[in-house]
Student: 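Can you keep this structure in mind? I'll have questions shortly.
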There are 2 protein chains.
Amino acid sequence: MRAVASELAVTPMAVYHYVDDKDHLLRLAYEDISSAWGPLRLTGRSWEDALREHLISIWEGLARYPGLGAYLIERPNINVTPEGLAAGIQFFEDAGFPPVEARLAWSYALTYIHGRISVDAHLGHRPEAPRLEGLRARDYVTFGVDAVIAGLQAIRTQHAPERAGAKT
Amino acid sequence: MRAVASELAVTPMAVYHYVDDKDHLLRLAYEDISSAWGPLRLTGRSWEDALREHLISIWEGLARYPGLGAYLIERPNINVTPEGLAAGIQFFEDAGFPPVEARLAWSYALTYIHGRISVDAHLGHRPEAPRLEGLRARDYVTFGVDAVIAGLQAIRTQHAPERAGAKT
DNA sequence: ACCTGAACACCGTTCAAGT
DNA sequence: ACCTGAACACCGTTCAAGT
């Protein structure tokens, strides 16, 4: 709050005229960037492609606000609105997951990407800044999102005996 | 610090006689519980079983110190010692991953489990406390760890053409 | 060695007041 | 409507001092 105020060359209390408290301010910041990606939806593309794009969008959006990702993981309620949660579960049900697995799958995907964002935020890395062995932050996310998708594919296959509708 | 002191019915400054600062105290707490799980090693068992046990151990250990997991994700340097990092990479190389993928795989597994711990910490959940639809915190981790492993299996298979040594 | 007391620099935030 | 000033309750921490 005080940092924001001094950035605006204003008294700390001036900020409170526009915003209820720190939480409110961060919620606004999140709402601003989260409008960049829509709700997760299965439109035409494979669920794998839709999920990949969605997760990468979240990561790219939050990577632009260093520290916000770290803050969000402390407030799981901000980014997981009831509608967002329902949309994610619906997405995985549409993709062929049973209801319980759909919820677990959505939680899994979000948990991973938020963990990644939080780690990146605290390591202070820009997406393309090189790290150990020349690996960039983006390489870690790309690998991670691929692994998330591959893992969910495997789990989905266990529950959906065959792509075509097998009776049992 | 002040909370610790009052818990011990002592002045805040008394704590500083035993500990350099807050960071030091938390590092000690982490060292205490991390001794419960050894370094990740491939001894006899399949890498899948070894990894599963390791990740679950981390989760169970940190779940007993609510808030510590949330704090650790802010300090990626505490829990990822050079030795721990090297051991993890070695583990995945032993499991048949190429060097770069081994590093990415290890980072991936740790990122997921820390994300999970952090979310659990902030939701204030005990491992067996029931959540939405009767799912317990443990169900989320079990699903997640299975998904992590399944994802890594798929990636490993891409790089290791067949279990038996194919020349190409 | 072990602990206290006063104080400092930093937060987020309330309350009353100014224009 | 927009902003300031003084103040409060809370941190982690330093410094000097007590036994």
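The sequence lines fix the lettering, A, B, ..., with proteins before strands; numbering per chain opens at 1. Worth knowing before you read on, the calculation uses all heavy atoms, side chains too, and leaves out hydrogens, waters and symmetry mates.
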Student: From CE of B:Met13 over to P of D:dG12, roughly how many Å is that when rounded to an integer?
Tutor: 10 Å
Student: Look at all strands and tell whether B:Met1 reaches a base, only sugar-phosphate, or nothing, counting heavy atoms closer than 4.0 Å.
Tutor: sugar-phosphate
Student: Starting from the C-alpha separation in whole Å, work towards a yes-or-no answer on salt bridge (charged side-chain N to carboxylate O under 4.0 Å, His left out) for B:Asp139 and B:Arg136.
Tutor: CA-CA 5 Å; B:Asp139 297 324; B:Arg136 298 162 193 286; 5.0 Å; no
Student: Select one nucleotide: of D:dT13, D:dT4, C:dT4, the one nearest the side-chain heavy atoms of B:Asp21.
Tutor: D:dT13
Student: Tell me if the aromatic rings of B:Tyr108 and A:Tyr112 count as close, with their centers under 6.0 Å from one another.
Tutor: yes
Student: If I take atom NE2 in residue B:His24 and atom P in nucleotide D:dT14, what distance separates them, rounded to the nearest angstrom?
Tutor: 14 Å
Student: Partner lookup for D:dA16, please. Criteria are Watson-Crick or G-U wobble with both distances under 3.5 angstrom; report none if nothing qualifies.
Tutor: C:dT4
Student: Please give, in whole Å, the distance from C:dG12 C1' to A:Tyr71 OH?
Tutor: 11 Å
Student: Starting from P on D:dC2, measure out to CG on A:Leu8 and report it in whole angstrom.
Tutor: 14 Å
Student: For D:dC10, which nucleotide is its Watson-Crick or G-U wobble mate, given both distances must be under 3.5 Å?
Tutor: none
Student: Using heavy-atom distances to pick each residue's nearest nucleotide on DNA chain D, tell me which of A:Arg2 and A:Val15 is more 5'.
Tutor: A:Val15
Student: In this structure, how many angstroms lie between the C1' atom of C:dG12 and the CG atom of A:Asp20, rounded?
Tutor: 14 Å
Student: So which heavy atom on B:Arg116 is nearest to which on A:Ser107, and how close?
Tutor: NH1-OG, 3.1 Å
Student: Counting the atoms with a prime plus P, OP1 and OP2 as sugar-phosphate, which does B:Tyr18 contact under 4.0 Å by heavy atoms, base, sugar-phosphate, or nothing?
Tutor: sugar-phosphate
Student: Just how far, in rounded Å, is C1' of D:dG12 from CG of B:Leu25?
Tutor: 12 Å
Student: Among D:dG12, D:dC3, C:dG12, which nucleotide sits nearest the side chain of B:Tyr16?
Tutor: D:dG12
Student: If we only count heavy atoms from C-beta on, is the A:Asp94 to A:Trp47 side-chain gap below 4.5 Å?
Tutor: no
Student: Report the C-alpha separation of A:Ile113 and A:Leu62 in whole Å, then their side-chain angles, then the decisive distance to 0.1 Å, and conclude whether the side chain to side chain contact (heavy atoms under 4.5 Å, CB included) test is met.
Tutor: CA-CA 10 Å; A:Ile113 204 68; A:Leu62 287 179; over 6 Å; no
Student: Grab the NZ-P distance between B:Lys22 and D:dC11 for me, whole Å please.
Tutor: 9 Å
